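Below is one structure; the comments refer to it alone.
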Amino acid sequence: MYQSFIGLEIHVQLQTKTKVFCDCPVTFGDEPNTRVCPVCMGYPGVLPALNGEAITLGYLLARALNCRLSPVSSFDRKNYFYPDLPKNYQITQYYQPLGRDGFIDLEFRKKKKRVRIHQVHLEEDAGKMIHAGDMSLLDYNRAGTPLLEIVTEPDLEIGEEAELLLQELRRIVQYLQVSDGNMEEGSLRCDANVSVNHRGEGLGQKVEIKNLNSSRFVRKALTWEIARHQEILDRGGTVTQETRLWNENRDQTESMRSKERAHDYRYFPEPDLPPFRADQPFLEGLEERLVELPAARRARFREQWGFSASQVDFLCDQKSTADFFEAVVAAGGAPDQALFWLAGDVRKLLKRSGGDLLTSPLTPQRLAELLDLLARGRIHGKIAKQTLEQVFLEDRDPSAIIHERGWKQLSSREELLPVLERVLEENPLPVEELRQGATRPLGFLMGKVMKATGGRAEPAAARTLLQELIEAPRRVSSVQVLSFGGAIAGTRREDGMIEPGDLVSLAELFQADPELPDSILFEELRLGRFLSEEITPADWATLLVRIAGTLDQGGVQGIVIAHGTDTLAYTASLVHWFFADTPVPIVLTAGEGPPGEGSRGESGENLRRAVLCAASGSAGIHVVYGDTDFLPLNLKFERVDSGGGNSFRTWNPEELLRSGSSLAPVARGVEQEELTRCLEEVLGQTCIVRVYPGMRGDILVTLMEAGIRCFVLEIFDRGTASLREGPFSLRNALIQGRERGVLFFCTSQQEGVVDFSGYVTAHALWREGAVPMGRLTTESAFTRLVTAQVEVLCEGEARSRDAWRERVLALMED
Amino acid sequence: MNNKTKALPRERYRSFLEHQDRAIGSFLEIGAPGVWDCAPGNGSASGDDPPRGECSGENGPHLTDLPLAVKDNIAVEGYHLTCGSPMLQSLKAPYTATAVEKLVEAGALVVGKTNMDEFGMGSSTSNTPLGTTVNPWDHSRVAGGSSGGSAAAVAHQLVPVALGSDTGGSVRQPAAFCGVYGLKPTYGAVSRFGLTAYASSLETIGILGSRLDELEAVFRVIRGEDARDQTSRAWPRGDDEGEGSRDDAPPGTIGVLQGELGLSPGMEKSYRATQEALTDLGYRLEPVTLTTLDYTVPAYYTIAAAEASANLARYNGIRYGHRPVFAENPGELMSSARSEALGEEVKLRILLGTFVLRSGFQDQFYLRAQKIRTLIAGELDRVYQGVQALLMPVFPCQAFLRDQEEGMDSFRQKVADRFTCTANLAGLPALAFPAGVQDGLPAGMQLMGPAFSEERLCRVARDLSAVFPLQFPGTSRSFSEWRQGSDAARGGS
């Protein structure tokens with residue numbers, strides 16, 4: 001078993017107007033050697049004059065990284081000859097940096113970690129040397145740009161953590177406006193030191209990796225390098241201490257050609273600059289410039305609005321987004337709606353226009369206004385989307401656009417009446433059926449109304465008025481019941497076997513029920529005739545599209561899904577990942593036999609309770625079985641009859657919720673055919689493997705070769721699996737998987753929370769890249785993984801394997 | 001500005017400089033393009049001496065048309081900035097030093113750049129292949145260094161005042177060799193911006209002049225805080241008035257060194273004569289022993305070499321300066337440029353500096369030197385509680401021979417810096433002044449005082465000038481003398 005140690009040296013280019021020791025402007029992408037003066041070109045006789053803003057920003061970042069701030073910090077000369085370094089010494093801070101002993105807190109795959117910051121110091125950047133054929137060209141525009149170097153202790157273990165640290169640092173510097181944090185333009189640069197050793201033997205031979213100009217490269221290079229070290233150690237060899245370069249074209253690190261001479265930088269105090277004294281007023285000024293940092297803001301957003309990790313990650317990634325969001329809420333927008341729109345349509349429109357929130361025509365007030373119109377029923381979802389697009393195009397207020405185009409929803413009696421009367425006139429037959437007590441024609445008529453109004457009729461008002469005009473039996477609430485196969489909709493043959501069928505007529509079933517108020521209007525939809533075990537991706541697509549359509553159209557009190565028991569845990573959690581933000585109850589129920597067979601907890605009884613729940617229950621996803629209202633996640637159907645009959649049980653029920661936000665805001669808007677295709681593709685590359693003693697790791701490799709890209713590994717107990725060298729170890733499979741970009745998510749065969757912190761083997765799993773799924777059961781984790789992948793497919797933005805991997809992982813984080 | 005100031009006839013002045021400098025070689029460059037032809041006073045006939053600076057005026061000192069020579073390690077836009085080195089022979093300064101800028105603003109006219117030891121490393125102005133400067137008093141002798149060009153130019157009456165730089169005595173020693181005044185100001189009193197760095201923590205721009213009031217006028221113009229040099233400091237408020245009002249006060253106490261100082265007989269005689277003069281003028285002499293005196297030279301050379309090794313690293317032939325004809329790669333380009341274009345003494349000090357800064361050896365050399373430096377400053381601090389100033393020799397002997405065999409070898413030259421480099425290590429002001437002529441050569445002494453006591457030092461020196469008036473070498477001619485002579489010659493032909 002190996003241990004790896006990673007320390008980073010990060011250079012942050014400060015966002016000052018001028019260079020750190022002269023008045024040349026700090027810009028990017030100018031003609032070479034146009035942003036220079038005698039000072040930054042190192043002419044004879046020039047002296048550095050410290051830029052006050054640079055040192056302030058430096059102290060500010062050191063403060064934000066929890067450093068002990070030096071009351072006096074001083075500058076030193078670091079001597080080395082290199083053509084891009086005008087003075088052939090670099091002014092830096094060696095003896096008295098700005099700050100020492102800080103830390104950044106990270107959480108990666110459920111593992112919390114405090115990464116210690118060794119020191120933070122200010123220095124000047126060098127120019128750039130470019131080799132062109134047999135010439136070397138020099139551009140000194142960058143020379144003298146203020147840089148802050150952040151040196152961490154070797155507290156990181158794997159590439160992913162290093163990547164995460166850089167991303168968090170990027171957020172911090174952006175929040176503080178200390179730097180633009182752009183790795184591609186070189187405003188944030190990183191060198192990594194890595195060593196690997198046998199567990200418990202301390203640091204190994206150190207290798208430095210350079211040329212890491214994106215956080216992704218940092219991760220890939222470290223992963224590659226750690227594997228290289230392990231391979232060397234496996235063979236009994238020793239790692240050479242050296243500097244290596246990341247070759248992004250070949251995806252590997254390569255030994256630098258340079259003669260490896262130990263550099264003696266001959267540091268000594270810079271005589272041209274007096275020490276800087278951070279006095280009380282200066283320190284107070286720093287406090288004033290501090291802002292709420294990303295980590296604190298994410299925690300507050302979770303606490304304040306109950307958002308998930310991936311949601312607050314999205315909101316808080318850019319300070320401008322978080323500020324915008326809060327401004328929308330302050331202007332009266334509902335937080336969940338604000339998030340929904342920002343993460344969905346707004347993001348899409350921004351991407352299309354290539355702009356950002358700060359400069360776009362959409363202001364927080366405009367978005368709040370749109371949400372208000374939506375909430376008050378003045379417009380509905382589709383119109384809101386159209387309006388938003390127009391806001392981006394016309395740079396005008398939503399209300400003005402809606403007013404001008406006549407996009408206001410038709411909700412008043414006066415507006416609706418003429419349309420409705422015409423629809424009734426043209427459709428005498430369904431009207432008659434309705435008057436007889438049938439329920440289904442109502443949906444048909446509503447469709448006609450929508451068509452006639454171009455979708456502008458407000459569904460609830462139209463439905464009520466329709467019922468009134470028809471003089472159908474008065475209904476207070478309407479419930480849509482979706483028949484989704486299973487024994488509950490099956491029929492029992494004479495030999496006692498159950499075969500797929502249609503749900504019995506609910507009207508009949510409930511006719512004699514005194515408890516059931518007759519004010520409930522049923523609308524039945526048959527989605528399929530199959531048994532629980534026969535569900536196909538297409539069936540799930542049908543169900544999801546149906547629910548999305550109903551929610552989109554509105555006007556129902558609740559939705560009931562009659563389902564088989566065996567796969568209910570999958571469908572319930574799938575529905576949860578898609579529709580956790582449902583404003584009406586979505587109730588799944590099941591039964592072990594066809595309704596009307598009598599026993600307690602039987603189908604008829606379950607259906608009755610489900611309908612009641614749908615008519616009057618709370619928003620969110622419910623699973624009604626027997627007399628229990630279960631959560632949609634972590635269901636386990638237990639066959640053991642302990643007197644009360646077979647039933648469900650919820651594993652790890654703490655902190656599970658029945659409502660929240662949708663993981664698939666994009667996917668649930670696509671057409672059925674498209675969703676079917678996506679589900680088929682995703683289910684074709686996702687696999688649950690239950691790990692068992694003696695299982696050969698090669699099996700996983702074979703599956704990968706067959707096209708599996710995502711695994712749910714059901715390991716033994718809260719994170720135990722064999723990683724001991726040999727054919728039964730998962731390690732080789734995990735390493736190969738990482739090379740192929742395959743993802744591994746771990747759940748437990750026993751009840752309990754998987755967090756990888758309790759066992760050595762689990763820690764090894766964490767290091768090799770497996771993601772612990774926490775409290776989720778295999779079924780819930782699996783459907784989440786399916787949902788996440790479908791969403792990523794539907795978003796259509798993750799073109800590369802890497803981008804796909806990152807996006808899926810992001811959606812799996814919580 | 002000041003209508004009473006007479007304008008300088010520039011064309012004539014240029015001829016004067018070019019003609020008179022041939023004998024001593026004090027200038028490396030005379031008159032940058034445009035210097036001679038743009039002034040209002042150009043061509044106006046006047047037989048007078050060039051305008052002199054005035055110490056006081058409504059709006060500070062007026063230096064209108066004051067001819068000024070500048071050592072060639074101080075940047076003046078339009079002029080070269082060779083620092084006496086083949087490395088920078090082709091370099092033209094792209095900007096002007098703060099001190100020069102202030103002088104030009106006050107009306108002074110930079111008439112040329114003066115010769116020096118390469119990068120200020122030397123005590124003879126012979127450590128340069130760019131020009132040969134001799135002592136105006138005796139052409140077989142050195143002018144001293146490294147500001148030898150500036151000292152010779154003033155002594156030869158080519159200019160009334162010149163700027164030099166003093167890292168370990170480079171203003172005072174040539175001033176003493178040539179018999180003129182040489183002020184090394186308090187560290188930080190004058191901006192170093194534009195002074196090519198040799199040893200940043202030790203050196204200052206200094207002034208060489210033939211008249212104290214003029215020297216003081218120039219000092220008042222150039223001193224003060226400069227945003228471009230963050231080691232510069234504001235001149236203490238009201239110090240001039242404080243010093244001035246003490247003119248009537250009884251003469252103060254002057255410290256004199258005790259014990260065997262290793263002086264030449266001439267200097268020994270001169271040191272005693274100066275002490276007698278001070279006593280006659282009513283000053284009270286106080287015997288002082290500087291226990292740190294023996295440590296100054298090693299500490300000085302350790303620190304100077306360390307800083308030089310970094311300061312001179314920038315000369316690599318890439319951005320400016322000497323570039324080799326061919327190089328295989330950038331690394332080779334840099335090393336060829338340096339090995340071809342830097343002199344032996346410069347290389348010696350760079351290597352010495354690199355040596356003392358090696359990691360693991362800093363305790364032994366560099367940090368130890370810094371400790372000695374702190375001790376020296378502390379000792380002087382205590383001394384100045386008892387005396388107003390210290391009277392010391394500048395150099396153990398008078399100007400030595402240029403001939404390498406008969407002159408002074410470079411090691412002995414370094415050892416001889418013991419009296420001057422103390423002021424640099426402690427950052428204190430010191431003024432070299434002429435103390436008579438011994439055996440046909442000037443003998444210079446110096447007064448060193450606490451920080452910002454320049455005015456006081458000048459006052460004591462002014463008192464002494466009654467006893468030791470400044471003398472010019474017999475072969476020198478003032479501008480008006482020369483002009484009369486040349487006009488007469490012209491008239492005669």
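In this text, all values refer to a predicted model and were calculated from it rather than measured experimentally. A, B, ... follow the sequence lines: proteins, then strands. Residue 1 opens every chain.
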(Q) Shorter than 4.5 Å, heavy atoms on both sides: which option in A:M41, A:M129, A:H131 has the most such pairs with chain B? (A) A:M41
Q) Does any heavy atom of chain B fall under 4.5 Å from the side chain of A:L50, the backbone, both, or neither of them? A) both
Q) A:R77 and B:E307: which non-hydrogen atoms are nearest, and at how many Å? A) NH1-O, 4.0 Å
(Q) Under the rule for salt bridge (Lys or Arg N to Asp or Glu O under 4.0 Å), what residues qualify as partners of B:R349, not counting sequence neighbours? (A) B:E345
**Q.** B:Q230 side chain to A:L47 backbone, donor-acceptor under 3.5 Å
**A.** no
Q. If we only count heavy atoms from C-beta on, is the B:L357 to A:Y265 side-chain gap below 4.5 Å?
A. no
Q) What part of B:A306 lies closer than 4.5 angstrom to a heavy atom of chain A: side chain, backbone, both or neither? A) backbone
Q) Would you say B:K347 has more than 12 foreign heavy atoms packed within less than 6.0 Å of its NZ? A) yes
Q. Are any non-hydrogen side-chain atoms of A:Y43 and B:L81 less than 4.5 angstrom apart?
A. no
Q) salt bridge (Lys or Arg N to Asp or Glu O under 4.0 Å) with A:E254: which residues, sequence neighbours excluded? A) A:R250
Q. Is there a side-chain contact between A:V39 and B:R228 (heavy atoms, below 4.5 Å)?
A. no
Q.
Only heavy atoms, only distances under 4.5 angstrom. Which residues in residues 310-327 of chain B are near chain A?
A. B:A310, B:N311, B:A313, B:R314, B:Y315, B:N316, B:I318, B:R319, B:Y320
Q.
My understanding is that only residues two or more places apart in sequence, or in another chain, count here; which of them pass side-chain contact (heavy atoms from CB on, under 4.5 Å) with B:S359?
A. A:D264
(Q) Can you tell me which portion of A:F81 sits under 4.5 Å from chain B's heavy atoms? Options are side chain, backbone, both or neither. (A) both
(Q) Under 4.5 Å from any heavy atom of chain B, what part of A:F21 do you find: side chain, backbone, both or neither? (A) neither
**Q.** Choice from B:S200, B:C83, B:S201 maximising heavy atom contacts with chain A below 4.5 Å
**A.** B:S200
Q: Heavy atoms only, distances under 4.5 angstrom: which of B:L88, B:L367, B:T354 has the most pairs with chain A? Name it, please.
A: B:T354
Q) Measuring heavy-atom distances to chain B, does A:P38 have an atom under 4.5 Å in its side chain, in its backbone, in both, or in neither? A) side chain
Q.
At a 4.5 Å cut-off on heavy atoms, which part of B:Y198 comes close to chain A: side chain, backbone, both, or neither?
A. neither
Q | More than 12 heavy atoms of other groups within 6.0 Å of B:R368 CZ | A | no
(Q) Counting heavy-atom pairs closer than 4.5 Å to chain A, which one of B:Q362, B:R192, B:E328 comes out on top? (A) B:R192
Q. Is atom NZ of B:K92 surrounded by more than 12 heavy atoms (other residues, nucleotides or ligands) closer than 6.0 Å?
A. yes
Q | Side chain, backbone, both or neither of B:A93 within contact of chain A (heavy atoms, under 4.5 Å) | A | neither
Q) Within a strict 4.5 Å, meaning less than it, do heavy atoms of the A:P269 and B:Y366 side chains meet? A) yes
**Q.** Region of A:N79 in contact with chain B, defined by heavy-atom distances below 4.5 Å
**A.** side chain
**Q.** Contact origin within A:M135 toward chain B - heavy atom pairs under 4.5 Å
**A.** neither
Q: Answer with side chain, backbone, both or neither: which region of B:R338 has an atom nearer than 4.5 Å to a non-hydrogen atom of chain A?
A: side chain
Q | Interface moiety of B:Y95 toward chain A, non-hydrogen atoms closer than 4.5 Å | A | side chain
Q) In terms of heavy-atom pairs under 4.5 Å with chain A, which of B:N73, B:L195, B:N329 leads? A) B:L195
